[in-house]
Number of protein chains: 2
Amino acid sequence: MNPNDLNERKLQILQAIIADFITTGEPVGSRSLSKSHDMGISPATIRNEMSDLEEMGYLTHPHTSAGRVPSDKAYRLYVDELMDTSQLDEADKQKIRTKLLESRNELDSTIEHAAQLLSDMTNLTSFVLMPRKDESKLKYINFLPVDANTVVLMIVAEDGQVMNRAIRLSSPYTEENLQLMSKVMTHNYMGKSISAVMAMDIIDSFTNDMESLSTLAADVVPSFIKTLEKMLNADLVMNGYSNIFSLPEFSGDMQKTQQFLRMLEDKNRLTDVIVNRDKGVMITIGDENSEDMKDLSLITADYRVNGELVGRLGVIGPTRMKYGKVTSVIKYISDNISQTFELRENNDVKEENNDDGSREDDG
Amino acid sequence: MNPNDLNERKLQILQAIIADFITTGEPVGSRSLSKSHDMGISPATIRNEMSDLEEMGYLTHPHTSAGRVPSDKAYRLYVDELMDTSQLDEADKQKIRTKLLESRNELDSTIEHAAQLLSDMTNLTSFVLMPRKDESKLKYINFLPVDANTVVLMIVAEDGQVMNRAIRLSSPYTEENLQLMSKVMTHNYMGKSISAVMAMDIIDSFTNDMESLSTLAADVVPSFIKTLEKMLNADLVMNGYSNIFSLPEFSGDMQKTQQFLRMLEDKNRLTDVIVNRDKGVMITIGDENSEDMKDLSLITADYRVNGELVGRLGVIGPTRMKYGKVTSVIKYISDNISQTFELRENNDVKEENNDDGSREDDG
DNA sequence: TGTTAGCACTCATGTGTTGAGAGTGCTAAC
DNA sequence: GTTAGCACTCTCAACACATGAGTGCTAACA
C-alpha cells in the first residue's frame, strides 16, 4: 500500500504513465509508453508491470483494449513523492510579481488580479477567498446622519477595515442620541473581536444601558448584527470557469460540464468547502473530495495580510492536472500576496521573492 | 415590411408558430401546427401561408424538409404586437414581493435576491446592475487613523453611500494634518457630484491650498481618485448561468455553450452593453444585438432607488424565450425594487403593487 | 379563386455493419 | 526475468440504409 511496495522500475513506469496521461489526456498503452520514454525494456515487460500496478490499485482500465489511466491513488503518490514543484521559470515569476505590484496597496484588486493570474497560468478555474475577519478587533462604531430618517452605521476595525450600511429609522433621530449611541456602542465593543461581539447578547446589554436609546437601538441593533455577519462572511472571487472548455475531459461531455458549472454556481457550498480545508498547501484528489467533486482535484494555499488575517486561494479542475506546475504557481502567488501585504516599517514593497528557501540579494 | 402586410390569418398562423416553437424548440411543420392549434384550415393551406411568411422574412427553414422557425423579424413583430405581458399570476407576484421584502432595507441583498428571482422564474441567466452613482453629491470626506502608517479614507455621499479605503502612507501623519486634510477636502468637494469632482484638477487645487499638506496629499490624492472611480464603476451581479444547460439549443451544442459562457465571463464588456441600453423596458432580439450576441436576446428594465439613483436589471438567453412571461417578471421585479426603495414619509413599505394600472384594494 | 388532397422529393436522424487500430493477456521460447 | 508472437477485445469512424417529418407542386374541388 505504501510507495515502498514499488520497486524502482515500477515507480519509473508509473511516473511515465502519469506524465504522459497528464499531457495528452489519452489512456497510455505499453507500446506508446516504450516509445515516448526509452527505458530499455520491451512493451511486453511494461505490460507485465502495468498489470501489477493495476492490481495494486495505481492504474485502471477504461475497457479491456484501452491503455492505462492513473487512479486517484496514483496521483496521490505522484503528488506526495514524485512531482516537481519548482516548475516556475523566471518569466512566470516576473509576470506574477508585476501584476500583483500593480495594485500593491489595494487588497480588493490584488485579490482579483491573483485570481486572474491563477486561472490564466494554470488554465483552470481559480478562486480566492477574502481574508477571514473573525478575529478582527473593533475600534469604534459611528453613526453618520444622512437625512431625516436615515443614518449610516460605520464600523471600524483595528486593522483598518471599515464596513458601513445605511439604516432607515422608524422615527427621526436627534443628533444627540446618535452621538450617545456611538459612544455607548464603542465603549461596549471596543477591542473585542467580531466573533466575540457576535456571541454577546447585544440587545440585552442595551436595554439595560440607557432607556432613552431604546427606540433608536431597536432600529440599529439588527443592522449592526447583520453588518457584523457580513464582515465575517467570506467573499469568494472566481475566475476562468470557461477554461474547462479547452479540456478534453469536459469538451466531449456535456453532462460533466454542466455538473461542474452547477457546482461552481453554488458559491456558498464551495466557500464552505474551501474554508474548511487544512492550512498551508493542501491538495485533494478525486474521491478524497466530497461526492460532487469526486472526479475533480482541488489545490489550495493560504496567504496572510498584515501577518494575521488569513485568506485562501486555489484552483479546481479535473484530476488530470499539472500538479507540479499548478502547485508552484499557487505557492508563488500566495507567498507574494503575503509578502506584499506584510506589515513593514517603510512602505517599499520588496520586489524580490523566493519560494525555495534560499535567499538571493538582488539579481 | 410592417405588420399591416399581414392579414388576420397570416398573423394568427405566425403567432401559433412562434408559440409552438417557443415552447418546444423544434421547427414546427404545417401538419403538427394544424393539429395543435385547430384553426379550421388544412395543412396544405397552412403550407401556402407559411411559404408567403417565409418570403416576407418572418420564417426560415433550417433545411428543406424541416419545419419553420421564426426569424428575428418575427420575434420583433411578436414582441411589439402580439405578446401578452400580463402573464404573472398572483402566486408569482406574491413570491417576488415576499423575497424582496425579506431584505427591504439592504440594497445589496435586495439586488442579489432580485437577480436570483429573475433567473429562477425565467430559467435564464439574469443580471442586475448596481445603481449608477455619477450624480451622487459628496457630503464629507474623512480620514480615520488606523496605525502609525495607515489611515482609512472615507467618502460619504448625500444619499447615504459610504466608500472607504485603507491607505498606506509613505511617512507618518500627525493627527492635526489628518483633520486639516479632512476639512480642506470636505470644503473643496462638498455638494459636488462625483463626476464633477473627477473632472476637476484635484492635485493642482491641492498644492495651491496648503504647503504643509503636500506630502500627505501626495499619498492621499491618488487613492481618493481611485475610490471615486470605484464609486462610479457599475457593479454587475449575475445569476443562473448554468440554466442554459436545460435549453435544447445549448445542451446539444458545446460550441455554442462555450461561446455563451465566455461571453458572460467578460464582465466589463457585458456591463458596457447593459449600461448603454435605452431606458425603460428594452428588448433586443438576435441580430439587433452586437455580433457576439447575435443569436441571443436581451431584455432589460430600469429600477430607481430613492427616486433617483438608477440601476438596471435583465436577462439574457436564446432568441427563443418566453418574451411575454419574461418581460412581465422583469417589469414586476423592477417596479417592486423601485417601490421598495422609494423615499417615503413613513417607513412602511406598501405591500400592494399593480403592474396593469388598475387598482385593487386588498383582494 | 381560394382551398385541399395527393404525390414525389428532400433531408436529418437513428441503426446496423464493417474494418481498422490500439491495446491487452497469455504462452512459449530465450 | 524478459521478450516475441498471437489471438482476442473493444472503441471508433465510416458507410449504407430505412424511417419519418416536412415541403412544394399539381390538379381537382366548392
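This structure is a prediction, so every number in the text was calculated from the model and none was measured.
Between the CG atom of Asp20(A) and the C1' atom of dG23(C) there is a distance of 15 Å, given to the nearest Å. Protein atom CZ of Arg68(A) is 9 Å distant from nucleotide atom C1' of dG25(C), rounded to whole Å. The separation between Lys35(A) atom NZ and dG21(C) atom P is 13 Å, rounded to whole Å. Atom-to-atom, CD of Glu26(B) to P of dG20(D) comes out at 17 Å; the value is rounded to the nearest Å. Computed from coordinates, the Met50(B) CE to dT3(C) C1' distance equals 16 Å when rounded to whole Å.
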Inset, instruction - Starting at the 5' end of nucleotides 2-19 of chain D, put B wherever the base has a protein heavy atom under 4.0 Å, S where only the sugar-phosphate does, and a dash everywhere else. - result: SBBB---BBS--------
Inset, instruction - Start with the C-alpha gap between Asn239(A) and Ser126(A), add the side-chain angles, then the distance that decides, and say whether side chain to side chain donor-acceptor pair (under 3.5 Å) holds. - result: CA-CA 5 Å; Asn239(A) 220 284; Ser126(A) 69; 5.2 Å; no
Inset, instruction - Applying side chain to side chain donor-acceptor pair (under 3.5 Å), run through Arg320(B) and Ser297(B) and close with a yes or a no. - result: CA-CA 8 Å; Arg320(B) 178 183 78 87; Ser297(B) 284; over 6 Å; no
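In this structure, the ring of Phe260(B) has its center no less than 6.0 angstrom from the ring center of Tyr241(B).
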Inset, instruction - Whenever both distances are under 3.5 Å in a Watson-Crick or G-U wobble pair, mark it; put DNA chain C into dot-bracket that way, with [ ] for crossing pairs and | when the partner is on another strand. - result: ||||||||||||||||||||||||||||||
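Side-chain atoms of Thr125(A) and Val315(A), non-hydrogen and from C-beta on, never get closer than 4.5 Å to each other.
Qualifying side chain to side chain contact (heavy atoms under 4.5 Å, CB included) partners for Asp292(B), counting only residues two or more places apart in sequence or in other chains: Met263(B), Arg269(B), Ser290(B).
Summarising the local packing, CG of Asp89(B) is surrounded by more than 12 heavy atoms from other residues, nucleotides or ligands at distances under 6.0 Å. Heavy atoms of other residues, nucleotides or ligands lying less than 6.0 angstrom from CZ of Arg31(A) number 12 at most.
The aromatic rings of Tyr323(B) and Tyr75(B) sit tilted, their planes meeting at an angle between 30° and 60°.
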